[in-house]
Each structure stands twice: as structure tokens, then as C-alpha cells.
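Source: prediction; values computed, not measured. Counting convention: from 1, in listed order, for ligands and their atoms alike.
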Amino acid sequence: MNKRKKKGFFITLEGPDGSGKSTQSLLLARYLKRKGYKVVRTREPGGTSIAEALRRIILNPKNRISKVTEVLLYEAGRAQHTSELILPALQKGKTVICERYTDATLAYQGYGRKLDIRMVKELNRIASSGLKPDLTILLDLDVREGLDRARKVSRGRMDRMERESIRFHERVRKGYLEIASREPGRVKLIKVKETPEKTHLEVVKVIEKLVK
Ligand SMILES: Nc1ncnc2c1ncn2[C@@H]1O[C@H](COP(=O)(O)OP(=O)(O)OP(=O)(O)O)[C@@H](O)[C@H]1O
Ligand SMILES: [Mg+2]
């Protein structure tokens with residue numbers, strides 16, 4: 001990101017529904033703030049008012065959305081989120097922790113929906129202005145376990161993606177694992193532990209190698 005003089009650190013949290021991204025984002029932000037970092041927590045889809053409006057369209061189970069429309073809605077939200085929030089924060093030297101980013105689109109729309117992988121990668125590149133996470137933490141757990149957790153949180157009001165079949169979610173998980181094995185330098189795989197605190201300790205182990 002030389003041309004934009006990116007100074008801050010960009011961390012993304014990825015993983016299937018209910019894997020603990022929001023929980024770990026909060027714990028990691030607290031940890032980094034204690035170390036003196038200025039931290040911005042955000043999420044996708046969403047993060048800015050336009051992108052949150054798109055999130056409501058994307059996740060509303062009443063909407064029937066074609067695969068191509070879906071990927072474009074995600075990418076439209078990402079383009080706005082990246083230019084309005086993420087890049088300016090990084091330029092100010094802030095650490096940005098983002099739940100889901102380009103890898104999620106590759107896993108869900110590429111592997112899950114079976115859209116052309118090269119097309120999804122190209123759309124990711126355009127929407128992110130070529131921004132890549134410095135570090136991605138992939139939280140991995142059994143698909144059913146994750147969905148059970150996510151469904152408990154939403155108490156019967158599951159979103160459009162959570163309502164997808166187990167097979168869809170299995171493809172997403174496999175996609176994530178493939179991404180991790182292709183980019184072991186950037187993507188750190190963490191098996192979700194019995195408690196959020198234990199998982200956080202694993203996240204800290206990864207982070208400690210990068211921040212002193
Ligand atoms: N390691 C863990 N062990 C047990 N329960 C956990 C663990 N991590 C998170 N949880 C619980 O599982 C539920 C889902 O966690 P969380 O909302 O953080 O997941 P998420 O990945 O953000 O989900 P979504 O994809 O739906 O946003 C929450 O109720 C949370 O308290
Ligand atoms: Mg969440």
C-alpha cells in the first residue's frame with residue numbers, strides 16, 4: 001500500500017457463522033488498546049452507513065437475490081467501507097480490526113455459491129482498491145457447532161446466509177481452509193477453543209509475533 005502511505009496495521013477476522021469473530025474482535029481490540037495502539041473495530045458487510053444499508057438488503061431473508069447481485073452488493077459495500085473508513089484510519093496510523101473482508105467473499109460467493117473464483121478475486125481487488133490485510137485470523141470450527149451458536153444469538157431470526165444449507169456452509173469452510181493453506185504467511189488458522197478466553201490466548205500468540 002505504498003502509494004497511499006498506509007501506516008496502520010490491517011487485521012481481519014474470518015471464519016464461518018458463529019465462529020466467534022465478533023467476540024474475538026472485542027477481546028483483541030482491548031488487548032491492543034492496552035498496548036497503546038489506536039484501534040478501530042469494524043465489520044463487513046457494513047461499517048459505514050451506506051454499507052450498513054446494503055447489509056440490511058443482503059442479509060434480509062425476505063429478499064431473493066441472484067448470486068451475481070449478491071456478490072456485487074457485498075463488493076459495493078466493501079468499496080464504500082474501504083474508501084470511507086478503512087483506508088483513512090490506516091493512513092492515520094490506526095490499527096483496523098475488521099470482521100470479514102475479501103476472504104469472506106471468496107469463501108461464501110466463490111466456494112459457497114460456486115461463482116467463478118477469478119471473477120470474485122477481480123471484484124475483490126477492485127472493491128478493496130488492492131488493499132490486503134497484513135494479518136488474517138481464520139477461526140475454524142465445525143460447521144454445525146458454529147451455526148448452532150449463531151442461531152442461538154439470533155433466536156430464530158436467522159439471516160439470509162445463516163439459513164443456507166449445511167452443504168453450503170461446508171463448502172465455505174473448505175474455501176476458507178484452502179485460502180489459509182495458500183497464504184500461510186498472511187492467514188493464521190486458529191481452531192476455536194471451548195471458551196472465548198482460551199481462543200483469545202491463541203490469537204494473542206499470533207499477534208505477539210507481530211507487535212511488541
Ligand atoms: N470459543 C467459544 N466457546 C464457546 N462459545 C463461544 C466461543 N466464542 C464465541 N462463543 C459464543 O458463540 C456465539 C457466537 O459468537 P460470535 O457472535 O462472536 O460469532 P461470529 O463469528 O461473530 O458470528 P456471526 O458470523 O454470526 O457474526 C456467541 O454467543 C458467543 O458468546
Ligand atoms: Mg459477528
- request: Please determine if Arg78 forms a cation-pi arrangement with Tyr101, meaning its NZ or CZ atom is less than 6.0 Å from the six-membered ring centre and no more than 45° off the ring axis.
  value: yes

- request: Check the pair Lys92 / Lys38 against side chain to side chain contact (heavy atoms under 4.5 Å, CB included), numbers first and verdict last.
  value: CA-CA 10 Å; Lys92 285 181 199 139; Lys38 289 199 172 109; over 6 Å; no

- prompt: Judged by non-hydrogen atoms, does Gly15 sit under 4.0 Å from ligand 1?
  reply: no

- prompt: When you look for heavy atoms under 4.0 Å from ligand 1, do you find them on the side chain of Thr195, its backbone, both, or neither?
  reply: backbone

- request: May I ask you to check if ligand 1 and Ser22 share an N or O to N or O distance below 3.5 Å?
  value: yes

message: For Lys198, which part has a heavy atom under 4.0 Å from ligand 1: side chain, backbone, both, or neither?
response: neither

statement: So for Lys152 against ligand 1, with non-hydrogen atoms under 4.0 Å, the contacting part is neither

query: If you measure from each non-hydrogen atom of Thr23 to ligand 1, which part falls under 4.0 Å: side chain, backbone, both or neither?
result: both

query: Does Leu141 reach the side chain of Lys191, with side-chain heavy atoms less than 4.5 Å apart?
result: no

field: Short N or O distance, Gly18 and ligand 1, threshold 3.5 Å exclusive
entry: yes

query: Is any side-chain heavy atom of Val40 closer than 4.5 Å to a side-chain heavy atom of Thr95?
result: no

- request: To the nearest 0.5 angstrom, please state how far the CD atom of Glu14 sits from the CZ atom of Arg100.
  value: 6.5 Å

- prompt: Would the number of heavy atoms belonging to other residues, nucleotides or ligands and lying under 6.0 Å from CZ of Arg144 be above 12?
  reply: no

message: Please list the nearest protein heavy atom to atom 21 (O) of ligand 1 with its residue and the distance rounded to 0.1 Å.
response: Lys21 NZ, 2.7 Å

